[in-house]
Amino acid sequence: MSDYPIAEIRSLFPGLQRQVNGNQAIFFDGPGGSQSPESVGDAVKHYLLHQNANVGMSFATSKETDSLIEETMRACADFVGCEDYREIVFGQNMTSLTIQLASALSRTWGPGDEVVVTRSDHDANVRPWVLAAQWSGATVKWIDIDPGDCTHKVGTIDESINESTVMVAIGAASNFSGTINDVRGICSKAHSVGAEVFVDAVHYAPHALIDVRDMDCDYLACSSYKFFGTHQGILWGRFGRLAKLPVAKLRVSSEEVPYRWMTGTQGHESMAGTLAAIGHLEWLGRMISEENISRREALRVAFSAIEEYESELCWRMIEGLKKMDGVKIWGITDPSMKDMRAPTVSFTHHSMTAEEIGGALADQGIFAWAGNFYALELSEALGLEPEGALRVGLLHYNTAEEVDSFLRLLSDILE
Ligand SMILES: Cc1ncc(COP(=O)(O)O)c(C=O)c1O
């Protein structure tokens with residue numbers, strides 16, 4: 001992609017300049033957490049140094065904090081594609097928000113109800129629902145994985161969802177195999193039997209435009225530290241459900257949506273960082289489009305460019321890995337299924353462990369994770385526990401040269 005402004009993007013991320021043992025560091029650890037642009041650091045610093053306050057009072061810093069929260073909710077509404085910013089809930093991270101939502105929903109379920117989870121998701125989209133089912137007396141149903149390419153086959157999904165289903169919890173993209181799921185199809189199937197759908201979009205968020213209306217899901221969660229922001233969990237839910245569900249809250253806290261979900265004092269500086277991270281993506285979209293477009297449109301342009309750029313890097317990586325003896329990629333490797341893949345590639349080697357490979361890469365300044373990445377069910381289903389796999393995750397600031405350096409170095413390590 002010749003017109004993708006990679007040099008400008010990289011210049012905004014001071015962290016990318018890091019050197020390790022004389023080598024320029026290569027950040028392939030994005031699925032665990034991305035680097036942040038300077039604008040995110042500046043926003044956090046500005047809030048803490050000049051606006052730090054609690055909410056709801058009439059003095060300047062408190063009023064500015066109230067505005068910051070609403071402004072960040074509006075930006076997140078554009079980020080996920082909802083109209084009403086009051087459908088955005090903030091929390092510590094995706095895991096905590098999911099546990100909170102699952103707990104509230106469990107108070108509405110009972111014996112005879114069925115909750116559907118997958119073998120492909122991060123445990124943060126499995127265990128909260130399994131626990132919620134246990135607390136309410138509901139039954140858990142599992143959608144199995146095809147180990148050949150780490151996809152869910154339509155048949156297994158259809159078999160798991162029926163008239164008793166109350167909830168289907170699905171990941172938009174796997175943080176292990178990179179598989180992108182047919183969330184829209186699953187929502188349509190779930191809604192046809194009256195069930196709700198919760199989408200874990202944590203891994204999807206830095207790679208593609210989230211559109212809750214197009215997905216037609218009921219709840220969706222993501223985390224700003226995966227898309228260049230701060231440690232900030234974001235939950236979207238339909239207004240009517242957020243208003244009615246029996247969420248655990250203090251007597252002193254507001255009944256207003258979404259604040260009835262936002263327990264205790266929030267991480268305001270993290271919201272400032274989240275707002276700036278969305279601002280970064282918006283900047284990219286405006287820069288590419290060169291037109292005066294809305295924030296949502298700018299995000300659409302940005303993600304369309306990111307998707308195309310990352311896909312090229314991803315397939316360069318996959319084709320390179322395919323040529324290496326003893327390397328097995330866990331996920332889609334057929335280019336005709338390109339649209340079903342995020343640029344996250346996990347692999348194992350027949351003789352070296354993931355941890356050994358990760359350690360050798362780290363010595364040379366290449367940051368990549370070894371393990372199960374908390375996608376425990378998938379790692380087990382693939383027979384990879386306890387070692388897991390080595391994961392290289394690409395983001396919008398990585399380059400083809402980095403992919404090539406990685407492949408050269410990996411080849412030396414494996415020899
Ligand atoms: C796919 C996926 N879901 C959920 C999570 C958990 O997110 P958080 O750290 O915000 O709780 C992660 C974190 O790695 C993830 O990759």
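Whatever order the structure lists ligands and atoms in, that order sets their numbers, starting from 1. This is a predicted model, so every value here is computed, not measured.
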Inset, instruction - Determine, for Arg238 against Asp216, whether the closest basic-nitrogen to carboxylate-oxygen distance falls under 4.0 angstrom. - result: yes
Inset, instruction - Could you find the nearest protein heavy atom to atom 3 (N) of ligand 1 and give me its residue, atom name and distance? - result: Asp200 OD2, 2.6 Å
Legend entry - Residues Glu256, Arg86: salt bridge by 4.0 Å N-O rule: no
Inset, instruction - Inspect the contact between Glu159 and Lys141 and indicate whether a charged nitrogen and a carboxylate oxygen are less than 4.0 angstrom apart. - result: no
Inset, instruction - List the closest protein heavy-atom neighbour of atom 15 (C) of ligand 1: residue, atom name, distance to the nearest 0.1 Å. - result: His122 CD2, 3.2 Å
Legend entry - Subset of ligand 1 atoms that lie under 4.0 Å from at least one heavy atom of Asn93: 8 (P), 10 (O), 11 (O)
Legend entry - Polar atom proximity, Met94 to ligand 1 (N or O, under 3.5 Å): yes
Inset, instruction - Would you indicate which of Lys226, His203, Gln92, Gln232 comes nearest to atom 13 (C) of ligand 1 when only heavy atoms are counted? - result: Lys226
Legend entry - Protein residue, atom and distance nearest to atom 10 (O) of ligand 1, heavy-atom basis: Ser223 OG, 2.4 Å
Legend entry - Protein residue, atom and distance nearest to atom 9 (O) of ligand 1, heavy-atom basis: Tyr225 OH, 2.5 Å
Inset, instruction - May I ask you to decide whether Glu297 forms a salt bridge with Arg300, counting only side-chain N to carboxylate O separations under 4.0 Å? - result: yes
Legend entry - Lys323 and Glu319 ion-paired at < 4.0 Å: no
Inset, instruction - Identify whether the distance between the nearest side-chain nitrogen and carboxylate oxygen of Asp211 and Arg296 falls below 4.0 Å. - result: yes
Legend entry - Ligand-residue contact atoms, ligand 1 with Asn175, heavy atoms, under 4.0 Å: 1 (C), 16 (O)
Legend entry - Salt-bridge criterion met for Arg316 and Glu312 (N-O under 4.0 Å): no
Legend entry - Identity of the nearest option to atom 11 (O) of ligand 1, non-hydrogen atoms only, from Ile234, Val202, Thr95: Thr95
